[in-house]
Amino acid sequence: MSAVLPGPTPSSGTAPTATVPAKHASPNRRAWLRFTRNRLGYLSLWVFAVMLVVSTLAELVSNDRPIVARIGERWYAPMFVNPSERALGGDFGTPTDWKDPLIADLLARPGNVALFTLNTHSATSTDYFSPLADPARPSQRNWLGTDSNGRDMVARLLYGFRVSIWFAIALTVVGTAIGVAMGALQGFFGGRVDLTLQRLIEIWGSVPELYLLIIFASIFEPSLLLLLVLLALWGWMGLADYVRAEFLRNRNLEFVKAARALGLSNAQIIWRHILPNSMTPVITFLPFRMSAAILALTSLDFLGLGVPSSVPSLGELLKQGKANLDAWWIIVPTFVVLTVTMLLLTFIGDALRDAFDTRKS
């Protein structure tokens with residue numbers, strides 16, 4: 001008679017936990033584990049996430065107005081509602097310029113206090129009281145110097161990165177949605193639907209995109225919304241081909257035939273069965289599509305076909321750096337920001353590609 005050895009007894013009040021082995025985890029869980037094993041891609045994801053959060057909250061990091069201020073017995077929140085100089089005891093009814101020496105003397109009085117951000121400049125503000133000529137070299141007043149218009153380079157880079165990255169996210173979402181929809185229609189129905197849509201895509205793809213951008217830029221005032229619409233009209237075609245191929249492959253598999261035999265509609269079969277099994281190329285291409293969107297916006301801004309000059313833009317900074325070759329503090333930091341962003345997205349895309357490669361254990 002064999003003896004049974006007693007196992008470890010869990011401590012009172014603590015439930016025993018079981019760890020699911022990787023080979024028994026769900027496909028998404030296994031893909032995530034493969035992604036985390038790619039150290040470079042995983043670290044790049046965290047660095048990119050930090051850059052995205054900091055740039056999104058740029059007003060809390062770089063602003064020429066204080067977060068809160070106490071003047072006399074009253075409290076103000078200039079970051080949200082900037083009071084007039086008259087409200088602070090001045091002579092004018094214009095919004096307060098917190099870089100004005102008179103305002104600085106007012107804040108230096110006993111009882112008055114203001115809490116400024118880490119960098120005391122915004123993307124569109126100009127320091128008219130700076131003793132240096134623009135573009136000014138890096139100094140204690142401006143950590144990366146100023147551009148040719150006297151605007152702080154740190155603020156321009158921070159706000160310009162936010163515009164570029166959120167434009168890329170919006171363009172990627174819109175282009176991906178259109179590409180997935182068109183590819184799904186072609187791949188699922190096939191036949192005449194596939195042939196007709198494929199011919200229309202070929203015709204639409206032969207339209208010169210740059211010429212249309214030049215025409216619309218001369219007719220309408222350039223804006224982020226206009227650029228988003230125009231670039232999204234062409235940005236979906238490359239992804240549609242991959243989704244079409246996935247649908248053509250998956251529509252004849254056994255689980256799709258079983259779903260059709262059970263009486264599910266075409267929309268239910270697409271949404272529940274084929275689409276989830278066709279998302280691998282869509283997910284792996286997302287970082288690369290974001291990189292292409294950032295480069296497209298930067299190129300258009302560099303050529304003068306992008307956003308207005310009042311909007312912070314990395315392409316506009318490159319254009320200024322080209323016009324001021326002696327001001328290295330304009331083009332070098334901008335080039336570094338673009339290069340780091342492209343590298344991070346590339347590393348994330350490579351890690352996603354390996355994560356969804358089922359041949360990797």
Side-chain angles (χ1 to χ4, degrees), residues 20 24-35 166-207 209 224-293 296 345 348-349 351-360:
V20 179
H24 299 306
S26 64
N28 292 333
R29 175 64 177 171
R30 291 198 298 268
W32 172 250
L33 291 176
R34 287 193 294 267
F35 180 83
W166 280 109
F167 177 85
I169 292 174
L171 182 58
T172 300
V173 170
V174 174
T176 300
I178 299 175
V180 169
M182 295 297 294
L185 289 176
Q186 291 181 259
F188 182 79
F189 293 102
R192 293 182 178 179
V193 175
D194 184 21
L195 290 175
T196 302
L197 291 178
Q198 195 66 21
R199 299 294 83 77
L200 292 176
I201 290 175
E202 291 173 359
I203 295 173
W204 183 245
S206 63
V207 176
E209 181 181 357
L224 286 173
L225 180 60
L226 178 61
L227 291 176
L228 177 64
V229 172
L230 292 177
L231 293 177
L233 290 177
W234 283 272
W236 57 271
M237 288 183 288
L239 183 62
D241 294 336
Y242 291 97
V243 178
R244 169 178 172 268
E246 289 291 323
F247 267 72
L248 286 172
R249 181 176 63 88
N250 292 330
R251 68 172 184 167
N252 294 321
L253 296 181
E254 297 298 329
F255 68 92
V256 177
K257 295 179 180 179
R260 187 175 287 109
L262 290 174
L264 271 67
S265 64
N266 290 334
Q268 290 175 324
I269 294 174
I270 292 174
W271 184 256
R272 296 181 184 178
H273 300 284
I274 303 183
L275 184 60
N277 293 280
S278 304
M279 292 298 290
T280 297
V282 176
I283 296 175
T284 54
F285 283 146
L286 287 180
F288 303 106
R289 293 181 64 83
M290 289 182 60
S291 300
L345 291 174
I348 295 172
L352 283 176
R353 181 193 59 196
D354 294 340
F356 284 92
D357 189 354
T358 55
R359 295 171 299 180
K360 295 182 179 295

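- What you find for Pro281 and Leu239 is that their closest heavy atoms are O-CD1, 4.4 Å.
- Put simply, the side chain of Ile274 reaches to within 4.5 Å of the side chain of Arg251, judged on heavy atoms.
- Nearest heavy atoms, Gly183 versus Val243: C-CG1, 3.9 Å.
- The minimum heavy-atom distance between Trp236 and Gly175, with the atom names listed, is CB-O, 3.3 Å.
- A side-chain donor-acceptor contact under 3.5 Å links Arg34 to the backbone of Ala355.
- In this structure, the separation between CD on Gln198 and CE on Met182 is 9.5 Å, given to the nearest 0.5 Å.
- Within 6.0 Å of CZ in Arg199 there are more than 12 heavy atoms belonging to other residues, nucleotides or ligands.
- The side-chain heavy atoms of Phe285 and Thr176, taken from C-beta on, include no pair separated by under 4.5 Å.
- The CZ atom of Phe255 sits 10.0 Å away from the CD1 atom of Ile269 when rounded to the nearest 0.5 Å.
- Here the closest non-hydrogen pair linking Ala170 and Leu228 is C-CD1, 3.9 Å.
- Glu246 has its side chain out of reach of Val282: every pair of non-hydrogen atoms, C-beta onward, lies at least 4.5 Å apart.
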List the steps and the verdict of side chain to side chain contact (heavy atoms under 4.5 Å, CB included) for Phe247 and Asp194. CA-CA 11 Å; Phe247 267 72; Asp194 184 21; over 6 Å; no

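- Between Gln186 and Ile201, the closest side-chain pair of non-hydrogen atoms falls below 4.5 Å.
- With a 4.5 Å cut-off on side-chain heavy atoms, Leu233 and Trp204 count as touching.
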Report the C-alpha distance between Val207 and Trp234 in whole Å, list the side-chain angles of each, state the deciding distance to 0.1 Å, and finish with yes or no for side chain to side chain contact (heavy atoms under 4.5 Å, CB included). CA-CA 9 Å; Val207 176; Trp234 283 272; 3.9 Å; yes

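- By the salt bridge (Lys or Arg N to Asp or Glu O under 4.0 Å) test, Arg289 is found to be paired with no residue, residues two or more places apart in sequence or in another chain being considered.
- We find the CG-CZ distance between Leu33 and Arg29 to be 4.5 Å, quoted to the nearest 0.5 Å.
- Taking the salt bridge (Lys or Arg N to Asp or Glu O under 4.0 Å) definition, one finds that Asp241 meets it with nothing, sequence neighbours left out.
- In this structure the side chain of Leu197 reaches within 4.5 angstrom of the side chain of Leu185, judged on heavy atoms.
- Judged as a ring-ring contact (aromatic ring centres under 6.0 Å, His included), and not counting sequence neighbours, Phe288 has no contacts.
- Applying the 6.0 Å contact sphere to CH2 of Trp271 captures no more than 12 heavy atoms from other residues, nucleotides or ligands.
- Between Val174 and Ala232, the shortest heavy-atom contact is CG1-CB, 3.7 Å.
- At a threshold of 4.5 Å between non-hydrogen side-chain atoms, the residues Leu275 and Val180 count as touching.
- Heavy atoms from other residues, nucleotides or ligands lying under 6.0 Å from OH of Tyr242 number 12 at most.
- Across every non-hydrogen atom of Phe35 and Ile348, the tightest pair is CE1-O, 4.0 Å.
- Between Trp166 and Leu224, every side-chain heavy-atom pair lies at or beyond the 4.5 Å cut-off.
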